[in-house]
Structures are given as structure tokens and as C-alpha cells.
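Heads up, the thing below is written out as C-alpha cells.
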Amino acid sequence: MNEGFNCPACGKPLQTATVCETDLEVCLNGCGGIWFDAAELFRFDEQHEGINDPVLQKLLECPTAQVAENGEKRTCIKCGIKMKRHEYREGSGIYVDECYGCGGLWLDGGELKAIRENPAVLQSNQEREVMAKEFSRKVQDEARRRKEEEEARRRRNRHQW
Ligand SMILES: [Zn+2]
Ligand SMILES: [Zn+2]
């Protein structure tokens, strides 16, 4: 199955691989790179994720996996614009190519494995989770406070009647 995308790193045709019900574009016959649509990588960036998925295990052990040379900017396979290279998570030391047009992400061969084994990625994910929980707690607190205020106001109004 090939939707006609070519590898942004080595130019070979990409293959579609279904991992945990997600379709990824993979450079199986070339450099071992993987294309993720926006936000898809979050499902696979920790070691325990997709651990029982045979396709994912095969991708991680892809014999052709190699990190392509840095320097040259990759072009997004979906929108054709130049991608930006940045560190995947602060302190990870792993640089990935991201498209600011569609949010797609390109990993060179071997980078998914490196990300999954990277302690900075795990720590950053955990911190994000804590922050998300704190944020939703604040939102709930604020909603409760407003409701109490509203009820107090209603009680005052009743007194005036
Ligand atoms: Zn390739
Ligand atoms: Zn794009």
C-alpha cells in the first residue's frame, strides 16, 4: 500500500504501516524513517506504548534504520513546505523535523527507538501530565467558586424582595 509519498530523507517511496490502529508512513525499503501526522507520535513515544504491537516492534528493530545526515532541511510530504528542526523534548538531545503547516513530524531511522529510551522525554511527558491535571483542577475550582458566588448573590437578592 502506497499513497504516493516519497521519503523526505532518502527519496524512496514510503509504505503505509498500521501501528496500534494508526496509519504511519514508513521508509521500509530505505532509511527506516517514519512519518507521523499531527500528535500521532505522542501515542508511541514511551517504551510501554504499543509494546505488544508486532508492527511497531518490527519498525523499532528495522535493520535499515539509520540516522540520515543533518543539515539539509526536510520537506513536508503532505504540504511541501520546509520543515523546522527542533529538539523533541528539552534536554533529550534528539532533533526531529516538524511541519508547522500541518503539524506532521518526521523521524529519521532509529530516532523513534532513541526517543522511547530517552529519560528526558519520559520526564517531560510526566511533567506535562501533572501540569494538565493541575490545570483541570484549577478550572474546576474556578467553576465552583463562581457557582458559590452566584448562589450567594441569589440569596442576597431574595432578601431584598
Ligand atoms: Zn528514506
Ligand atoms: Zn506539512
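First listed ligand is number 1; within each ligand, the first listed atom is number 1. Every heavy atom of this structure was used, including side-chain atoms; hydrogens, water molecules and symmetry mates were not. Just so it is clear, the model here is predicted, and its values are computed rather than measured.
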Which value, rounded to 10°, describes the SG(Cys10)-the Zn ion (ligand 1)-SG(Cys27) angle?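 Rounded to 10°, it measures 100°.
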Just to confirm my numbers, could you give the angle made at the Zn ion (ligand 1) by SG of Cys31 and SG of Cys7, rounded to 10°?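 For SG of Cys31 and SG of Cys7, the angle centred on the Zn ion (ligand 1) reads 100°.
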same_hphob_cluster(Tyr95, Tyr100) at 4.5 Å side-chain heavy-atom cutoff: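 No; tracing contacts between hydrophobic side chains, which count when under 4.5 Å, never links both residues.
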Any side-chain to backbone donor/acceptor pair from Glu49 onto Asp45? Under 3.5 Å, distance only.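 Yes.
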Check for a donor-acceptor pair, side chain of Glu40 on one end and backbone N or O of Asp37 on the other, with a separation under 3.5 Å.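 Answer holds: yes.
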With the Zn ion (ligand 2) at the apex, how many degrees lie between SG of Cys99 and SG of Cys79, rounded to 10 degrees?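 If I round to 10°, I get 100°.
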What's the shortest heavy-atom distance between Gly30 and Cys10, and which atoms?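 Closest heavy-atom pair between Gly30 and Cys10: CA-SG, 4.1 Å.
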